[in-house]
Amino acid sequence: MNITAPLRRLARIIPDVPAIIRADDTTISYAALDRVIDAVARRLLEAGLRAGETIGLGITGPDESRGLITALALARLGIASSHPSLPAARRIVFAPPAQPGDVAVGDAAFVPDPAEGPLDLHPGGTALLRRFASSGTTGQPKPVAVSHALQMARTQANILAPGGPSPCVRIVGVDLGITWGFTGALRTLWQGGTLVLTNPAAAARKLAQHRVQSLVLAPVGLRALLDALPADAGPFEDLFTIEVGGDMIAPTLRRAASARLGPVLVSYLGASEAGGIASAPLGALRGAAGAVGFVHPGVEVEVVDAAGRVLPPGTLGRVRVRGELVVSGYDGETDGGGMFEGGWFYPGDLGSLDADGLLHLAGREGDVLNLGGVKVSARAVEAVLLEMPGVTDAAAFMVADALGVPALWAAVVGPERLGREAIEAFCRERLRDSFPRAVVQVAALPRNEAGKVRRDMLAALARRGAGG
């Protein structure tokens, strides 16, 4: 089946229900959405695109509706889109400048001709839908090929696992061009809900205005939302769930969100390569350190040692995942870089698994910093930094000095200048010798579209001599 088939059906049975609310607060009904998808699809056919091709497409602001509608139009035609961070021979642009070979989709493409009937839908199925990008937290993103059938299965699993009202008014405050964001958008629309397009900071105004019931955010987006909330905002009686993923939720952020927003926070773990892996309301995690959720039905998770032997429940090791929602490798690459082996996907996480399926993460394999034989958890350092007054975001990383000796550094975000001495004194009490030897204060940490910190970029920043 084509992923746009449910939208065509909803256009017939709930034609006047709002499907999308744009950033400018204008509304697109389900009937109008189906017509405009067809209109853009016709523009793409006029440009010479045909089923079986792949074209680069970003689904970002300031008007995400154009990118999302264009992605759906491509899907309707059996043409695959590709994340803009991945190589593509041609790309779609919505405004100049365009490069040779680009396909321009201007304002006129989004105006349906009432005289034209509905387009036929490509069968979908095993046809390629989109080349998503891996997280790229340690380097160049890799292509993850997802078919219509796989995306349908992932969306259905996403509907079942995290919970929440259905249908609902939802803000998906992450890039709609990544697996998590695209699935969140489809999940909303397939259920006959309303997708409110906005950025996390502007979402503060939208919550009450559109009676939003569900939010999908990375921790950095949740923090931006809290920072933008007026002092007298809330309570938001309609808000039912806030699904937070992409990174661990710091205790300070969790407490602040619960105090200001009040609804159930839901922890969500997923990956481009695997779709949704685990989730649960924070209250169901029993306050366990590093707990991210219960493994989803149909997903198999194991924790193994360096030799691939399965470890007993509660034992720390390498996390691996397999199941029908997991791809077998990166598109066009025969070597999975150690991330695919024996039918398993190794996301690079260290963790443990309880006997009842509760998954705990202790950090990424690359987050364990080897400081000349002394191993330090970057997450443990960051958790302490985030408890320091005035620090709103933090990341720990490793930088080698002129003699090649590795040292622990920290990047912090805060409204005021924070001295290295103050940070060192705060951390010494809690981390003993594992405190940052140097500090870079930045306006924002470099993160990917899902909110994960790019530690490789932090080391480059430190080498340029910033901070101190």
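Heavy atoms only: backbone and side chains are in, while hydrogens, waters and symmetry mates are out. Note that the numbering runs from 1 along the sequence shown for the chain.
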Next item on the list: Tell me, with the steps shown, if Lys142 and Glu333 meet side chain to side chain contact (heavy atoms under 4.5 Å, CB included).
Entry: CA-CA 9 Å; Lys142 300 285 189 178; Glu333 298 187 11; 3.5 Å; yes
Next item on the list: Before giving the answer on side chain to side chain contact (heavy atoms under 4.5 Å, CB included), spell out for Val174 and Leu217 the whole-Å C-alpha distance, their side-chain angles and the decisive distance to 0.1 Å.
Entry: CA-CA 6 Å; Val174 297; Leu217 296 169; 5.6 Å; no
Next item on the list: Test salt bridge (Lys or Arg N to Asp or Glu O under 4.0 Å) on Asp113 and Arg35 and set out the steps.
Entry: CA-CA 9 Å; Asp113 182 346; Arg35 289 194 297 270; over 6 Å; no
Next item on the list: Check step by step if side chain to side chain contact (heavy atoms under 4.5 Å, CB included) holds for Val301 and Ile277.
Entry: CA-CA 8 Å; Val301 174; Ile277 297 171; 3.9 Å; yes
Check: Going through the checks in order, is the salt bridge (Lys or Arg N to Asp or Glu O under 4.0 Å) test met by Asp393 and Arg223?
Finding: CA-CA 9 Å; Asp393 204 2; Arg223 185 177 294 111; 3.7 Å; yes
Note to self: As a quick check of understanding, evaluate side chain to side chain contact (heavy atoms under 4.5 Å, CB included) for Asp25 and Arg205, giving each step before the final call.
What the structure shows: CA-CA 11 Å; Asp25 296 323; Arg205 178 177 63 85; 3.3 Å; yes
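By the neighbour-count criterion of 12 heavy atoms within 6.0 Å, atom CZ of Arg322 is densely surrounded, having more than that number from other residues, nucleotides or ligands. No more than 12 heavy atoms of other residues, nucleotides or ligands sit less than 6.0 Å from atom CD of Glu237. For Glu324, the CD atom is loosely surrounded, since the number of other residues' heavy atoms within 6.0 Å does not exceed 12. More than 12 heavy-atom neighbours from other residues, nucleotides or ligands sit within 6.0 angstrom of CG on Asp24.
Under the 30°/60° scheme for interplanar angles, the aromatic rings of Phe340 and Tyr330 are found to stand perpendicular.
Checked by atom type and distance alone, the side chain of His83 pairs as donor or acceptor with a backbone atom of Ser85 at under 3.5 Å. Side-chain atoms of Gln213 come within 3.5 Å of backbone atoms of Val169 as a donor-acceptor pair (strictly under, hydrogens ignored). The backbone N or O of Ala133 sits less than 3.5 Å from a side-chain atom of Ser272, completing a donor-acceptor pair. Judged by distance alone, the side chain of Asn2 and the main-chain N or O of Ala75 form a donor-acceptor pair under 3.5 Å. Without hydrogens or angle criteria, Asp34 side chain to Ala11 main chain gives no donor-acceptor distance under 3.5 Å. Proximity of a side-chain donor or acceptor of Glu64 to a complementary backbone N or O of Leu197 within less than 3.5 Å is not detected. One N or O on the side chain of Ser147 and one on the backbone of Leu150 form a donor-acceptor pair closer than 3.5 Å. In this structure a side-chain-to-backbone donor-acceptor pair under 3.5 Å is missing from Tyr30 to Ile13. The closest donor-acceptor contact from the side chain of Lys206 to the backbone of Arg211 lies at 3.5 Å or more, if one exists at all.
Residue pairs that meet the salt bridge (charged side-chain N to carboxylate O under 4.0 Å, His left out) test with at least one member in residues 121-135, sequence neighbours left out, are Arg131-Asp331. Judged as a salt bridge (charged side-chain N to carboxylate O under 4.0 Å, His left out), the pairs with a partner in residues 37-52 (not counting sequence neighbours) are, in order, Arg8-Asp38, Asp38-Arg76, Arg42-Glu116.
Gln151 and Thr155 share a donor-acceptor pair across their side chains, judged by distance under 3.5 Å alone. If you check the side chains of Thr183 and Arg154, you find no donor sitting under 3.5 Å from an acceptor. Defined by atom type and a distance below 3.5 Å, a donor-acceptor pair is present between the side-chain atoms of Ser279 and His296. For Arg22 and Thr26, the side-chain atoms include at least one donor-acceptor pair closer than 3.5 Å.
For Arg66, the side chain to side chain donor-acceptor pair (under 3.5 Å) partners are Asp107, not counting sequence neighbours. In this structure, the side chain to side chain donor-acceptor pair (under 3.5 Å) partners of Gln191, at least two apart in sequence or on a different chain, are Ser166. By the side chain to side chain donor-acceptor pair (under 3.5 Å) test, His360 is found to be paired with Asp354, residues two or more places apart in sequence or in another chain being considered.
Summarising the geometry of Ala443 relative to Val413, their closest heavy-atom pair is O-CG1, 3.4 Å, with the distance given to 0.1 Å. Of all the heavy atoms in Leu86 and Pro141, the pair that sits closest is CD2-O, 3.9 Å. Counting all heavy atoms, side chain and backbone alike, Leu229 lies closest to Arg260 at CB-NH2, 3.6 Å. Minimum heavy-atom separation, Leu176 to Ala185: CD2-CB, 4.3 Å. When all heavy atoms of Ile37 and Ala73 are compared, the pair lying nearest together is O-CB, 3.5 Å. The minimum heavy-atom distance between Ser82 and Pro87, with the atom names listed, is OG-O, 4.3 Å.
Inter-residue side-chain proximity for Arg170 and Leu215 is flagged as unmet; no heavy-atom pair is nearer than 4.5 Å. Using a 4.5 Å cut-off on side-chain heavy atoms (C-beta onward), Leu225 and Leu207 make contact. Under the 4.5 Å side-chain criterion, counting only non-hydrogen atoms from C-beta, Leu129 is in contact with Phe182. The shortest side-chain heavy-atom distance between Asp175 and Thr60 falls under the 4.5 Å cut-off. Thr70 places a side-chain heavy atom less than 4.5 Å from the side chain of Phe94. Contact of the Phe397 side chain with the Arg454 side chain is not registered, since no non-hydrogen atoms from C-beta on lie closer than 4.5 Å. No side-chain heavy atom of Leu49 sits under 4.5 Å from any side-chain heavy atom of Leu45. Residues Ile178 and Ile59 fail the side-chain proximity criterion, which asks for heavy atoms closer than 4.5 Å.
Exactly one of Thr27, Ile21, Val172, Ile20 qualifies for a side chain to side chain contact (heavy atoms under 4.5 Å, CB included) with Val196. That residue is Ile21.
Taken to the nearest 0.5 Å, the CH2 atom of Trp190 stands 7.0 Å off from the CD1 atom of Ile3. Between atom OH of residue Tyr268 and atom CD1 of residue Ile249 there is a gap of 13.5 Å, rounded to the nearest 0.5 Å. Of the inter-residue distances, the one linking His210 atom NE2 with Thr198 atom OG1 reads 8.0 Å to the nearest 0.5 angstrom. Asp238 CG to Ser214 OG: the interatomic distance, rounded to the nearest 0.5 Å, is 12.0 Å. How far CG of Leu44 is from CD of Glu53: 10.5 Å, rounded to the nearest 0.5 Å. Atom OG1 of Thr241 sits about 9.5 Å away from atom CG of Leu265, to the nearest 0.5 Å.
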Could you pull out all donor-acceptor pairs under 3.5 Å where a side-chain atom in residues 343-350 meets a protein atom, sequence neighbours excluded?
residue	atom	partner	partner atom	Å
Tyr346	OH	Arg320	NH1	2.9
Asp349	OD1	Arg364	NH1	3.2

